[in-house]
Protein chains: 2
Amino acid sequence: MIRNDPEPTLNDDAARAGWLYYVGGLTQDQIATELGVSRQRAQRLVSRAMAEGLIHVRLNHRIGNCLDLETRLTERFDLLRCRVAPSLGAGGDPVHSIAPSAATELERFLRMPEPQVIAFGTGRALRAMAELFNPTEAGHHRIVSLIGNIAPDGSATLYDVIRRVAEKLVAPYYPMPVPVISDTAEERAFYHHLRPVQAVVALVEQADVTFVGVGQMSDDAPLLVDGFVSREEMARFQRKGAAGEIASWVYDDNGQYIKSDRDAMVGALRIEPGRVQPVIGVAGGHGKTRAIRAALLGKILNGLVTDERTAAEILGMD
Amino acid sequence: MIRNDPEPTLNDDAARAGWLYYVGGLTQDQIATELGVSRQRAQRLVSRAMAEGLIHVRLNHRIGNCLDLETRLTERFDLLRCRVAPSLGAGGDPVHSIAPSAATELERFLRMPEPQVIAFGTGRALRAMAELFNPTEAGHHRIVSLIGNIAPDGSATLYDVIRRVAEKLVAPYYPMPVPVISDTAEERAFYHHLRPVQAVVALVEQADVTFVGVGQMSDDAPLLVDGFVSREEMARFQRKGAAGEIASWVYDDNGQYIKSDRDAMVGALRIEPGRVQPVIGVAGGHGKTRAIRAALLGKILNGLVTDERTAAEILGMD
DNA sequence: CCATTGTGTGAGCAATTACTCAGTAAGCGA
DNA sequence: TCGCTTACTGAGTAATTGCTCACACAATGG
């Protein structure tokens with residue numbers, strides 16, 4: 001993606017203003033002088049830089065408490081990777097605090113010189129991570145999706161985590177060209193016998209690292225909200241003790257997958273427990289603690305990026 | 001390493017406060033409440049987080065790299081002004097990317113309410129800048145040339161950077177009415193004793209800012225192409241280690257001017273190293289990195305407008 | 001062609017932040 | 001224990017920032 005904007009303006013100025021403000025420590029008045037604009041405009045540029053996500057803020061200090069929680073989570077659940085981000089204030093959305101840490105975690109893998117196959121599930125936190133991470137030259141990796149990219153209405157743009165990541169990296173990416181959820185078992189079987197689909201499946205199975213979101217199975221479940229399960233199915237799952245869901249595969253409080261008629265229609269690939277490569281859950285928030293803990297117990301996940309409060313709650317459930 | 005600090009460290013609090021402030025967007029009052037400290041303390045924690053480098057701010061934008069290069073060039077060569085423009089695509093002429101930034105830089109000085117004396121050398125990038133800059137009401141400044149405006153064929157229109165600038169500004173301008181290069185030392189001396197010439201020389205010496213191009217001394221040197229040095233002279237310069245040329249004065253890799261019989265014939269004024277007023281080089285391109293770097297090292301220039309790629313090459317030469 | 005909508009701008013003001021200062025407690029050597 | 005230094009604190013205040021408003025200008029549509 002080579003940009004040839006003849007005019008060196010727009011977000012460029014915003015980025016420059018933001019840089020001068022946050023990195024250079026100039027006052028907005030000074031920036032205004034520097035860029036030759038009014039103070040108000042400088043203010044707007046700075047705030048735009050923030051709003052557009054041009055400015056990234058990262059914490060370069062492991063807060064003792066978070067470090068402690070990481071250690072305890074790692075030991076308790078035998079994790080390969082664990083990141084606990086400080087929570088924001090009481091009303092703060094945990095996604096905001098988790099996403100930068102998740103981005104840092106992703107960058108760890110992107111920096112590796114050996115080509116990696118990186119698989120992604122879906123979810124709000126994952127999406128935010130995709131926006132935030134800092135793209136390095138990483139065209140040698142391959143980006144692959146766990147999730148079908150054909151939404152019930154036929155569109156393919158609903159879950160564009162991998163597209164966003166691949167776009168920023170200029171790396172090859174492999175969406176899963178199947179319906180998120182098929183209408184019949186035959187339809188799913190048909191898709192999964194297609195050669196290109198099988199190629200993607202093979203890639204996912206050899207993925208060097210997998211990033212997934214974790215969904216709760218309460219009445220505000222993402223699966224329900226997005227219309228991928230009906231209210232009746234949801235109730236049935238809940239009666240069977242559903243605790244959470246990863247890539248739309250539902251499991252109970254011990255992290256054992258729950259069998260269902262729906263299994264034969266699900267387009268997403270199921271992550272089998274006990275993988276040796278990292279499978280990193282990116283999720284947090286009060287409603288998700290049960291789902292996350294169950295996935296950790298069942299070894300569906302062997303890595304976690306979450307926030308302080310959620311981490312504490314997970315550990316507090318023992 | 002198990003940490004047993006029951007008390008959060010000072011820096012822990014600072015990191016947390018900084019996190020809440022920059023990532024969470026809380027106000028310092030809210031942070032104070034959150035952490036249970038006074039507002040003033042919250043403020044101190046936030047500022048400490050910055051001072052200690054606990055918080056990292058990065059720019060997620062093309063020009064982030066440029067700003068970074070600007071900082072590094074400024075520190076490395078102790079510059080007063082530095083502008084690094086984003087390079088255009090692979091095949092792009094660096095002049096196209098440099099000229100707009102140079103124009104912006106020029107405008108900075110034109111905007112000053114106090115009358116400025118602005119001196120110009122010559123060069124392609126400078127010429128492009130003259131076309132691009134946005135003329136403001138700036139008739140109070142004076143525009144003066146470093147370079148003789150009498151070409152070998154007697155015409156006076158060859159180097160019209162200053163005419164173009166002055167015309168757009170409706171400002172008084174002072175060309176240097178001497179030959180670019182005289183045939184004999186006597187001829188040059190004659191011209192330079194004329195009162196009007198001395199007036200221009202005096203103006204140049206008090207110039208508040210000087211914009212110059214930078215010429216390489218390889219076989220495609222502008223000096224050679226334009227016929228201001230012969231092929232033999234060029235070869236002699238090259239044997240003496242010529243790295244570049246500014247206003248047709250040739251210097252070596254340390255930015256020390258190289259003595260030559262030609263000195264007594266050169267009509268242009270020589271910029272002496274270590275001027276306190278800004279002397280801004282406007283140049284870029286692979287062939288010019290050596291020339292630019294040498295001029296920076298020798299303090300002939302204390303300002304630079306260049307493009308991303310050239311900036312990186314200059315820094316990469318250390 | 002004119003009205004309308006919406007995007008952007010500068011001014012003014014309220015909220016927020018940074019700084020200075022004087023007071024106080026803690027550490028430390030005599 | 002006293003006196004000294006050092007570091008930290010809160011209060012007050014100056015500086016900076018963010019927000020709202022009214023207006024200007026350009027694009028859109030009748």
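Per chain, numbering begins at 1; letters A, B, ... match sequence-line order. Everything numeric in this text was worked out from a predicted model, so none of it was measured.
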task: State, yes or no, whether a side-chain contact exists between B/L203 and B/Q206 at a heavy-atom distance under 4.5 Å.
output: yes
query: Quick check: does any side chain N or O of B/H141 sit under 3.5 Å from a backbone N or O of B/A171, one acting as donor and the other as acceptor?
result: no
query: Taking NZ, NE, NH1 and NH2 as the nitrogens, is one of them in A/E313 or A/R309 under 4.0 Å from a carboxylate oxygen of the other?
result: no
message: Students should find this one: the first and last nucleotides of DNA chain C, 5' to 3', lying under 4.0 Å from a heavy atom of chain B. What are they?
response: C/dT16 to C/dT20
task: State, yes or no, whether a side-chain contact exists between B/V214 and B/L301 at a heavy-atom distance under 4.5 Å.
output: yes
field: Salt-bridge present (B/D13, B/R41; N to O < 4.0 Å)
entry: no
task: Quick one: pull up CD1 in A/I143 and CZ in A/F211 and give me the separation to the nearest 0.5 Å.
output: 10.0 Å
query: Taking C-beta and beyond as the side chain, do A/R108 and A/T104 meet within less than 4.5 Å on heavy atoms?
result: no
task: Using atom CZ of B/R48 as one end and atom C1' of D/dT9 as the other, report the distance to the nearest whole Å.
output: 14 Å
message: Is it the case that the side chain of A/T289 and the backbone of A/I314 share a donor-acceptor pair, with hydrogens and angles ignored and the cut-off at 3.5 Å?
response: no
- line: In B/S/- notation (B base, S sugar-phosphate only, - none; protein heavy atoms under 4.0 Å), nucleotides 14-25 of chain D written 5' to 3' is --SBB-B-----
